[in-house]
Participant: 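Below you will find the structure I want to go over with you.
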Amino acid sequence: MKDDLNKVVDKILDKYPAKVMKNRKEHILIKDSNENKEISANTRTLPGIITNRGCAYAGCKGVVIGPIVDMVHITHGPVGCAYYTWSTRRNKGRTREGSKNFINYSFTTDMQESDIVFGGDKKLAQAIKEAVEIFNPKAISIAATCPVGLIGDDIQAVAKKAQKEYGIPVLSFSCEGYKGVSQSAGHHIANNNLMREVIGTVDIPVEDQKQFMINILGEYNIGGDEWEIKRVLNKIGYTVNTTMTGDAEYEDIAKAHNSDLNIIQCHRSINYIAEMIEIKYGMPWMKVNFIGIENMSQTLRNMAKFFDNEELYARTETVITEEVEAIKDEMKHYKNMCKGKTAMLFVGGSRAHHYQGLLKEIGMDTIMAGYEFGHRDDYEGRDVIPYIKLDADTRNIEEIKVEKDEKKYRLRIPIERLEQLKKELPINDYPGLVVDMKDQTIVIDDLNHLETEMVIKALKPSFFGSGVKDKYIVQKMGIYSKQMHSYDYSGPYAGFRGAVNFARDTAAGIHTPAWSYTIPPWKKEPILKGKINTEGVEEVC
Ligand code: SF4
């Protein structure tokens with residue numbers, strides 16, 4: 001089997017010129033528990049290879065900052081970047097009583113040639129003024145796009161001046177699209193600024209502090225995921241103080257340091273904030289996974305263990321039993337439809353790992369997985385962090401250092417207990433994607449168009465979970481492709497009820513009758529019958 005997979009990989013690599021082959025070889029790994037092989041990740045995209053990756057602006061404004069509902073997010077640049085990120089990510093956000101919600105808008109300075117030549121600072125200042133006058137938001141963000149850094153617009157100075165003038169926070173993000181190598185750089189830039197400017201600026205009075213108060217980090221409420229997670233957490237007795245950043249308001253982020261525990265869904269996009277909060281405020285973080293029944297249940301049990309409260313343990317078990325009971329028949333039905341099928345997953349920086357458990361629960365094996373912009377720690381686990389070599393592209397992204405806040409720092413649990421718990425729970429730890437994959441499966445980083453086609457032709461999966469750019473190419477090959485970023489406009493997929501939604505959509509997609517009509521009948525068998533004599537057709541029936 002391993003030889004067969006090696007042949008598949010060799011066949012792909014054979015297509016490349018020598019230099020490209022050498023590079024791509026390092027991004028492909030065949031899982032073998034007896035070998036401890038490295039994978040190359042978070043390196044520069046090869047020009048012309050048809051990557052699926054996006055840019056730092058997409059990671060900063062599109063992913064991390066954009067979901068904050070009561071801020072006006074101004075894209076400073078020509079119109080394209082704002083237009084193509086206008087409501088294309090399905091991070092849902094509701095309007096709270098007496099508050100505002102700008103999630104359906106896209107704001108831009110729409111730079112023109114004269115702004116490139118003479119600078120766009122004035123236009124940006126004017127855009128902020130208009131946003132304040134028309135929308136009166138709680139806060140404003142400015143996201144820089146490619147030309148902004150090149151022409152030297154000082155968006156920090158404009159933001160500072162506007163903040164003083166209008167008396168609301170104005171945050172500036174230098175997330176020009178060419179920074180770093182992918183969306184990942186934008187996550188880091190967004191994390192830095194939220195930590196520097198926002199987190200820790202609003203304290204919750206002691207009388208309003210709740211027991212079991214947590215933050216959900218790296219959860220963006222795609223298709224309502226966060227609402228479904230919160231429904232279950234609230235039922236058990238948790239108070240979600242802040243979610244970063246799905247359905248969040250500005251002030252939620254500002255008071256995040258008041259909670260007792262940070263739980264991380266997407267490690268890639270937000271681990272920087274989790275680490276900095278721990279250093280500055282003493283709040284530990286734990287990796288969780290809300291996708292799939294087993295992962296969800298395990299996550300809830302891990303959280304209960306952290307708080308170590310008898311009532312919480314009991315409520316956790318009651319809720320798990322109730323929720324599982326309510327969905328078990330439906331899950332069984334979909335498992336019967338999907339069992340024995342195989343899946344491939346190629347998604348951003350976390351879902352290619354998170355969904356493997358849920359696929360297994362409906363009887364499907366993941367035979368290939370990969371990230372667009374994961375780092376080596378997302379594949380191999382955080383233990384490799386000290387050994388990751390920094391290249392020129394990574395060094396360009398600012399690393400900020402935070403220090404203990406003497407006034408606000410507090411230990412949530414005694415150090416000895418925390419150290420003990422670290423041995424039992426994924427506290428400050430993420431073991432990565434590779435560890436959960438079966439032997440003789442393939443991991444491919446920054447999968448491109450050619451590799452997608454070749455790996456599908458060779459291994460013929462029943463399900464290819466990826467994004468909109470892949471979807472129709474794969475479906476034209478006769479294979480069901482599910483969008484794992486937008487959920488094909490369905491969802492939620494997180495939590496117990498989300499697991500059923502995913503199972504239902506997947507079963508329907510795989511069993512769509514149209515797959516049996518992709519080859520016309522005349523290519524499978526003759527549709528005319530008749531006799532032929534020496535002069536031609538004698539009789540057609
Ligand atoms: S790469 Fe540049 S131009 Fe393209 S979306 Fe990103 S910021 Fe905009």
Side-chain angles (χ1 to χ4, degrees), residues 42-68 71-91 103 105-117 119-121 123-124 127-128 140-156 158-159 171-194 220 245 268-269 347-349 371-374 391-394 396-398 446 448-449 467-470 483 485-486:
N42 190 35
T43 61
R44 197 173 283 196
T45 310
L46 291 169
I49 204 144
I50 318 188
T51 179
N52 274 280
R53 281 176 168 178
C55 68
Y57 160 79
C60 178
K61 187 265 179 185
V63 173
V64 182
I65 306 300
I68 305 172
M71 288 177 81
V72 161
H73 304 289
I74 300 176
T75 297
H76 186 36
V79 75
C81 321
Y83 182 77
Y84 286 102
T85 53
W86 185 6
S87 295
T88 40
R89 235 171 104 76
R90 300 182 59 238
N91 42 263
I103 211 91
Y105 290 84
S106 184
F107 301 89
T108 175
T109 49
D110 184 19
M111 286 173 97
Q112 303 296 313
E113 210 170 294
S114 58
D115 304 311
I116 302 294
V117 176
D121 288 354
K123 200 171 193 191
L124 177 61
I128 297 171
I140 290 177
S141 79
I142 304 160
T145 60
C146 287
V148 172
L150 300 175
I151 62 171
D153 271 2
D154 190 350
I155 61 168
Q156 278 74 23
V158 177
L171 312 175
S172 56
F173 296 88
S174 294
C175 54
E176 286 87 351
Y178 52 75
K179 287 198 170 154
V181 298
S182 67
Q183 292 94 313
S184 175
H187 303 146
H188 198 160
I189 291 163
N191 276 227
N192 285 351
N193 245 17
L194 288 181
Y220 303 101
T245 51
R268 181 68 270 134
S269 64
V347 208
Y371 293 133
E372 270 172 60
F373 49 76
D391 61 16
D393 298 305
T394 323
N396 279 340
I397 312 302
E398 189 190 7
D446 190 16
N448 60 49
H449 184 95
V468 68
K469 285 175 277 187
D470 284 343
Q483 294 186 66
H485 299 268
S486 71

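Only a predicted model underlies this, so the values are computations on that prediction, with no experimental measurement involved. Atoms within a ligand are numbered from 1 in the order they appear, just like the ligands themselves. Keep in mind that the numbers below use all heavy atoms, side chains included, and drop hydrogens, waters and symmetry copies.
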Participant: Can you sort out which atoms of ligand 1 are near T145, meaning under 4.0 Å from one of its heavy atoms?
Facilitator: 7 (S)

Participant: Taking 4.0 Å as the limit for heavy-atom contacts, which would you say applies to C55 with ligand 1: side chain only, backbone only, both, or neither?
Facilitator: side chain

Participant: For Y220, is the NZ or CZ atom of R89 found under 6.0 angstrom from the centre of its six-membered ring and inside 45 degrees of the ring axis?
Facilitator: yes

Participant: If we ignore hydrogens and angles and just use 3.5 Å, is the side chain of T145 paired with the main-chain N or O of H76 as donor and acceptor?
Facilitator: yes

Participant: Which residue owns the protein heavy atom closest to atom 8 (Fe) of ligand 1, what's the atom, and how far is it?
Facilitator: C81 SG, 2.3 Å

Participant: Considering only heavy atoms of G177, which atoms of ligand 1 have at least one such atom less than 4.0 Å away?
Facilitator: 1 (S), 2 (Fe), 6 (Fe), 7 (S)

Participant: Tell me, please, if C146 has any N/O/S atom, main chain or side chain, under 2.8 Å from atom 8 (Fe) of ligand 1?
Facilitator: no

Participant: Side chain of R268, backbone of G374: donor and acceptor closer than 3.5 Å?
Facilitator: no

Participant: Please indicate, with yes or no, if any protein heavy atom is found under 4.0 Å from atom 4 (Fe) of ligand 1?
Facilitator: no

Participant: One pair to check against side-chain contact (heavy atoms from CB on, under 4.5 Å): I128 and I140. What are the steps and the verdict?
Facilitator: CA-CA 8 Å; I128 297 171; I140 290 177; 3.8 Å; yes

Participant: Do N193 side-chain atoms and S172 backbone N/O form a donor-acceptor pair below 3.5 Å?
Facilitator: yes

